[in-house]
Amino acid sequence: MPVPDLSEPERLLWAAFPRGAWADLRAGDPADDDLESAGRWGPSRTIRAEVITALLLGACAAEPGLSPAVRLRGARITGRLDLMGATLSCPLVCEYCHFDGEPRFVESSAKTVRIVASRLPGFNGTRMRLDGILNFWSSVVDSVIRLDQAKVAGQVCLREVTAGAGTGEVALAADGLAIDGDVDCVGLIARGMVGLEGAQVGGTIDLTSARITGSRERAIRLSNAVIGGRLLCDGMSAEGEVGL
């Protein structure tokens with residue numbers, strides 16, 4: 001992507017990328033930075049998804065002796081971050097960001113992906129391969145988090161995440177997920193079913209204080225899963241069948 005085609009905030013991100021530095025677009029006012037106000041964020045806080053895609057796929061060279069990364073705060077990301085089948089060259093870290101489109105990582109190979117304290121319409125990581133941590137801490141996902149058949153050499157964090165459309169359908173679709181470490185779902189609010197059928201988890205699945213509102217037929221589906229550590233459900237509530 002030619003640099004002259006970039007907006008001012010995109011140039012800031014582009015310049016920060018080779019050093020793995022933060023591009024922070026927050027206004028510093030809690031009211032202006034509230035994600036509910038993201039629809040009113042103007043060009044000074046807007047980053048096109050295609051710019052992030054270009055960086056993750058190596059469009060900008062790293063500086064010698066430094067580790068490149070996309071690190072972005074307080075941005076409205078327009079368009080769709082579509083990395084289907086791609087091999088990412090570096091981590092993606094987004095904090096306090098609003099995604100207009102659902103990120104798609106289907107069959108991708110990725111490093112750490114952290115989208116925390118953010119809002120996104122959904123996430124599709126079906127059959128993705130990830131080396132590091134997949135972290136959605138404290139984010140709001142308006143529909144489904146899809147991780148069916150994904151493989152993670154690390155851990156998955158869904159701590160304090162709110163996911164699902166609230167229609168009784170699926171909130172977390174992770175059947176066949178294979179993960180070396182833990183699945184942290186402490187304080188998860190799932191407005192739909194949590195599906196982990198046939199999952200292979202080397203560590204612990206922690207559902208402490210989670211609230212899961214499924215349909216009357218099913219809330220949690222964990223049949224045929226293999227858990228190397230523990231299954232923790234202290235203080236969890238579930239509306240619907242819990243299948244183990």
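Worth saying up front: this structure is predicted, and the values here are computed from it rather than measured.
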Check ion pair Asp180-Lys151 (N to O, under 4.0 angstrom) = no
Lys111 bridged to Asp131 by N-O distance under 4.0 Å = no
Under 3.5 Å, is there a donor-acceptor pair between the Asp206 and Thr204 side chains?
-> no
Between Leu196 and Val194, is any pair of side-chain heavy atoms under 4.5 Å apart?
-> yes
Using a 4.5 Å cut-off on heavy atoms from C-beta on, say whether the side chain of Val116 contacts that of Ser138.
-> no
Residue pair Ile52 / Glu50, side-chain heavy-atom distance below 4.5 Å | no
Any ion pair linking Arg48 and Asp100 (charged N to carboxylate O, less than 4.0 Å)?
-> no
Between Glu169 and Met193, is any pair of side-chain heavy atoms under 4.5 Å apart?
-> no
Are Arg127 and Asp148 within salt-bridge range, i.e. N to O under 4.0 Å?
-> no
Looking at side-chain heavy atoms only, is the closest gap between Val93 and Trp22 below 4.5 Å?
-> yes
Within a strict 4.5 Å, meaning less than it, do heavy atoms of the Leu35 and Trp41 side chains meet?
-> yes
If two hydrophobic side chains count as joined below 4.5 Å and joins carry through other members, does Phe99 share a cluster with Met84?
-> no
Is it the case that Arg114 places NZ or CZ above or below the six-membered ring of Trp137, under 6.0 angstrom from the centre and within 45 degrees of the axis?
-> no
Please report the closest heavy-atom contact between Ala210 and Cys185, naming both atoms and the distance.
-> CB-O, 3.9 Å
Should the pair Asp82-Arg104 be classified as a salt bridge under the 4.0 Å nitrogen-to-oxygen rule?
-> yes
Any Lys/Arg nitrogen of Glu241 or Arg218 sitting under 4.0 Å from an Asp/Glu carboxylate oxygen of the other?
-> no
